[in-house]
Amino acid sequence: MKLCEADSRELCEQLEELNKSYNDYKAMKLELNISRGLPNEQQLDLNDGLFHVLDETNCTAADGTDCRQYGVKYGLPECIHLFSELIEVPDEQIVLGGESSLNLMYDQFMRIYAFGTCKEEPWAVQQAKLGAQGEKLKWICLVPGYDCHFNITEALDFEMISVPLLGDGPDMDMIETLVREDETIKGIWCVPQYSNPTGTVYSDDVVRRLASLQTAAKDFMIFWDNAYVVHHFYLEGYEKNIVLNILEEAKKYGKEDHILYFSSTAKITFPGSGVCAVASGANTVEEIKRCYNLQLFSKDKLNQLRHVLYLKNKENIVEHMKAVAALLVPRFELVDGILKDHVLYEDVCTWNVPEGGYFITAYTMKGCAEKALALAEAAGVKVATAASTYPYHRDPADSVVRLAPTYPPMEELDTAMHLFCVCINIAAIEKELEAR
Ligand SMILES: Cc1ncc(COP(=O)(O)O)c(C=O)c1O
């Protein structure tokens, strides 16, 4: 039943009950947090082996490199090969980063900003020239999307153009029209598999259209952040990656150099202490290496080596991710179940049920997200700020809420979600009653 079909008196009674329940939660002085996608403690425990695989007796790489020493700045060959298996890209197209792919994305962005790419002027120079005419470089941001991506483009004063993320990936009709005409649009953020926060998996058609995009800008770049490449909940025996390989597709159109394909072990082993990689076409890989030559003598090879010794190969990673899924699936099912049971009217909230990744996206009734989250926070449950999944923190519908069920213990998640339901019900019923 829809909220608008409910009788006003009944709604008033429900609101009274909900407020009572809300005050009970408030009296509990909760301090819960479902705002960020962190691995839970049991997930981290699964990786304790990482502490024991490496010591002074085996810190020599396969080619004889002493990993305690400077050198091999683009990455240990065996660790590059591990990523090659993971993302299905040839070893020679991969360069390893440090311990965070977000950091690597920022670095790659700044490299092009400072030095340019594809023989075009640096974005910084282009930005300054446009600035003199009161204009800006632009960037495509899929919505809802990942706030950390948007923060980078916002900080560098790119005008962010919101494009809807549909059921099978970005709205490609809109993107094709935009980039064909406007040479100031320089790129797009994509999370092609189990998108943060909607869980969307891009279809083959979408990947092909992105790979072959006709852009007015000669230095248009696709930042392809495949952070959740093996983070499935239900798949068994998935030898082949489920999203089409964008580098292989782009190669058919001579556009490999326009793809920056990122991946990371952050959500496989220890976030903040993982290894990450970037892959691209030969020219872009050359540009990345040239920049590394300025930046560093060596990344953390000991960490690269211990990841190889611990993770071994893709088959082993897939087995490991099954153990991760066994810990995560009950949490996602719990959230789904509580929403099913406690959202009072069908239009108060809808939500996605992802098949992997780290998030559930809830869509509250229009104009209710901010109020509901403020209520939750006042009662001690922190949910990601409303609108954090939109550029400039502006969700025009004030509706999208990113829920991160992975971290809290089940009992805390249970309490947080019950309170969340109370808050979205209150916000929606109050809005409906005000409108009558
Ligand atoms: C889409 C996406 N990319 C990147 C990251 C961060 O990864 P890393 O720890 O490798 O920087 C996250 C973490 O939440 C993410 O959701």
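The first residue of the sequence shown is numbered 1, and numbering continues consecutively from there. In listed order, ligands and their atoms are each counted from 1.
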Give me the pairs of N or O atoms, one from ligand 1 and one from the protein, that sit under 3.5 Å apart.
{"from": "ligand 1", "atom 1": "3 (N)", "to": "Asp225", "atom 2": "OD1", "distance (Å)": "3.4"}
{"from": "ligand 1", "atom 1": "3 (N)", "to": "Asp225", "atom 2": "OD2", "distance (Å)": "2.5"}
{"from": "ligand 1", "atom 1": "7 (O)", "to": "Ser101", "atom 2": "OG", "distance (Å)": "3.2"}
{"from": "ligand 1", "atom 1": "10 (O)", "to": "Ser101", "atom 2": "N", "distance (Å)": "2.8"}
{"from": "ligand 1", "atom 1": "10 (O)", "to": "Ser101", "atom 2": "OG", "distance (Å)": "2.7"}
{"from": "ligand 1", "atom 1": "10 (O)", "to": "Ser264", "atom 2": "OG", "distance (Å)": "2.8"}
{"from": "ligand 1", "atom 1": "11 (O)", "to": "Ser100", "atom 2": "OG", "distance (Å)": "2.8"}
{"from": "ligand 1", "atom 1": "11 (O)", "to": "Ser101", "atom 2": "N", "distance (Å)": "3.1"}
{"from": "ligand 1", "atom 1": "11 (O)", "to": "Leu102", "atom 2": "N", "distance (Å)": "2.9"}
{"from": "ligand 1", "atom 1": "14 (O)", "to": "Lys267", "atom 2": "NZ", "distance (Å)": "3.0"}
{"from": "ligand 1", "atom 1": "16 (O)", "to": "Asn196", "atom 2": "ND2", "distance (Å)": "3.0"}
{"from": "ligand 1", "atom 1": "16 (O)", "to": "Tyr228", "atom 2": "OH", "distance (Å)": "2.6"}

* **Test item: Thr265 side-chain N/O and Gly274 main-chain N/O as donor-acceptor pair under 3.5 Å** => no

* Under the 3.5 angstrom rule, does the side chain of Gln108 hit a backbone N or O of Leu260 as a donor-acceptor pair? -> no

* Asked: Is the NZ or CZ atom of Lys186 positioned over Phe158's six-membered ring, under 6.0 angstrom from the centre and within 45° of the axis?
  -> no

For residues 276-283, dump all side-chain donor-acceptor pairs below 3.5 Å to protein atoms at least two apart in sequence or in another chain.
{"from": "Ser280", "atom 1": "OG", "to": "Glu256", "atom 2": "O", "distance (Å)": "3.4"}
{"from": "Ser280", "atom 1": "OG", "to": "Ile259", "atom 2": "O", "distance (Å)": "2.6"}
{"from": "Asn283", "atom 1": "ND2", "to": "Asp257", "atom 2": "OD2", "distance (Å)": "3.1"}

* Is it the case that Asn293 and Tyr74 place a side-chain donor and acceptor less than 3.5 Å from each other? -> yes

* Ring centroid separation Tyr194 to His232 under 6.0 Å -> yes

